[in-house]
Amino acid sequence: MRVHRLEVEAFGPFPERVVVDFDALSDAGLFLVHGATGAGKTSLLDAICYALYAGVPGARAGAGSVAGLRSHHAADGAAPVVVLALTAAGRRLRITRRPAYLKSGRKHPVPAGVVLEQRRGASWEVLATRIDEVGDIVNDVMGMGRQQFERVVVLPQGEFAAFLRANAEERRAVLESLFDVSTYSGAEQWLVDQRRAVGMQVEALESELRRHVAALVDVVGGLPAAEDEAGGDDALAGSLVHDLTDLDRLAVLVPALADRLETGLTEALAARDTAELAARAAEVAYDAQATRAGLQVRGARALADRERLAADEEEAGRCRSAV
């Protein structure tokens with residue numbers, strides 16, 4: 001938004017017509033509105049806000065009654081009016097507002113009125129004369145409502161901290177309405193997605209690490225403790241189940257356990273070879289003993305047969321004699 005010209009008459013502290021040419025002031029760059037207390041500095045901002053939104057900001061909002069906006073020093077027949085020329089959203093507009101006021105000698109106030117015009121070439125074209133229609137058009141071209149305008153543009157006296165005290169969501173809504181933050185919103189969403197994805201990866205890796213450490217503890221628990229150790233590696237492996245973040249201890253533990261596993265494997269292979277030799281010797285001895293036992297059984301049977309035949313020899317002799 002750029003303000004070009006402001007005209008006020010019988011409004012606030014200005015009983016007569018006052019014109020402020022902001023284009024002339026802006027030619028020099030920044031400009032300062034200054035003056036003694038009560039000179040009408042804030043009333044200029046009130047006039048701009050009133051022209052746009054039919055209301056004044058800050059503590060003066062309560063003065064926006066029938067008698068509040070009209071200058072008490074204006075002549076009896078003078079009607080309060082504010083005319084604001086501005087450019088917003090690429091449109092050159094002129095807003096003329098007349099606040100409601102109580103005319104001398106009348107019981108009923110003169111109603112408020114408004115005319116919204118747009119520059120078309122060298123002339124002004126009337127767009128709306130109804131207060132609600134003008135309000136919709138102003139909100140659309142300004143991209144903000146009165147409350148946001150007061151907080152981030154006008155900043156009434158004594159209410160500068162209101163924007164600073166606003167919570168994060170309120171300030172975010174205001175800033176998003178003023179600036180194009182789509183790039184930052186996209187970056188924020190990307191960071192959120194990346195954090196979620198990385199978090200899931202970390203959880204999966206931690207779960208896998210727990211499984212490996214548990215398997216490691218089972219393996220270490222099955223190893224015979226070395227004579228010169230006091231179970232330090234086993235206790236360290238067990239502690240890793242509860243402290244997976246101690247990677248330094250894990251880096252020390254794994255090589256030590258690998259050495260113990262290699263030593264245990266060598267000893268186990270040697271014991272297996274010895275056991276196989278002993279098993280083969282036992283098989284040979286078993287076969288020899290089984291053969292010997294079989295021969296002993298056959299010998300015992302032969303001796304029994306011989307004794308039985310010897311006992312029958314006498315009867316066999318008599319049978320031969322009889323034959």
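If you read the sequence from its start, that first residue is 1, and numbering goes on from there.
Expressed to the nearest 0.5 Å, how far CG of Leu116 lies from CG of Asp136 amounts to 11.0 Å.
Glu133 approaches Ala128 most closely through the heavy-atom pair OE1-CB, 3.7 Å. Minimum interatomic distance between Leu44 and Leu6 (heavy atoms only, all atoms of both residues): O-CD2, 3.8 Å. Considering every non-hydrogen atom in both Ala78 and Tyr101, the closest pair reads O-CE1, 4.4 Å. Taking every heavy atom of both residues into account, Ala47 and Val82 meet most closely at O-CG1, 3.4 Å. Taking all atoms of both residues into account, the shortest heavy-atom contact from Pro80 to Pro99 is O-CD, 3.5 Å. Of all heavy-atom pairs spanning Ala36 and Lys41, the tightest one is O-NZ, 3.1 Å.
Applying the under-4.5 Å side-chain rule to Ile, Leu, Val, Met, Phe, Trp and Tyr, the cluster around Val202 extends to Val198. Hydrophobic cluster of Tyr286: no remaining members, since no ILVMFWY side chain lies below 4.5 Å from it.
At a threshold of 4.5 Å between side-chain heavy atoms, the hydrophobic network of Ile, Leu, Val, Met, Phe, Trp and Tyr places Val3 and Phe14 in one connected group. Taking hydrophobic clusters as Ile, Leu, Val, Met, Phe, Trp and Tyr residues chained together by side-chain heavy-atom distances below 4.5 Å, Leu84 shares a cluster with Val114. Cluster membership check: Val8 shares its hydrophobic cluster with Tyr53, using side-chain heavy-atom separations under 4.5 Å among Ile, Leu, Val, Met, Phe, Trp and Tyr.
When atom types are taken as modelled, the side chain of Asn139 and the backbone of Gly135 share a donor-acceptor pair closer than 3.5 angstrom. Here the side chain of Ser71 pairs a donor or acceptor atom with the backbone of Gly12 at under 3.5 angstrom. Side chain of Arg97 to backbone of Leu52: a donor-acceptor contact under 3.5 angstrom is found. The backbone N or O of Val56 lies less than 3.5 Å from a partner atom in the side chain of Arg146, making a donor-acceptor pair.
Checking Arg119, His4, Arg2 one by one against Thr87, the side chain to side chain donor-acceptor pair (under 3.5 Å) holds for a single residue, His4.
Residues Met142 and Met1 are in side-chain contact: their nearest non-hydrogen atoms beyond the backbone lie under 4.5 Å apart.
Taking the charged nitrogens against the carboxylate oxygens, Glu313 and Arg318 have no contact shorter than 4.0 Å, which rules out a salt bridge. At a threshold of 4.0 Å, the pair Arg210-Glu208 does not count as salt-bridged, since none of the basic side-chain nitrogens sits closer than that to a carboxylate oxygen.
Within 6.0 Å of CD in Glu262 there are 12 or fewer heavy atoms belonging to other residues, nucleotides or ligands. Other residues, nucleotides and ligands place more than 12 heavy atoms under 6.0 Å from the CZ atom of Arg94.
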Under 3.5 Å donor-acceptor pairs involving side-chain atoms of residues 287-299, not counting sequence neighbours:
from, atom 1, to, atom 2, distance (Å)
Gln289, OE1, Arg292, NH1, 2.6
Thr291, OG1, Asp287, O, 2.9

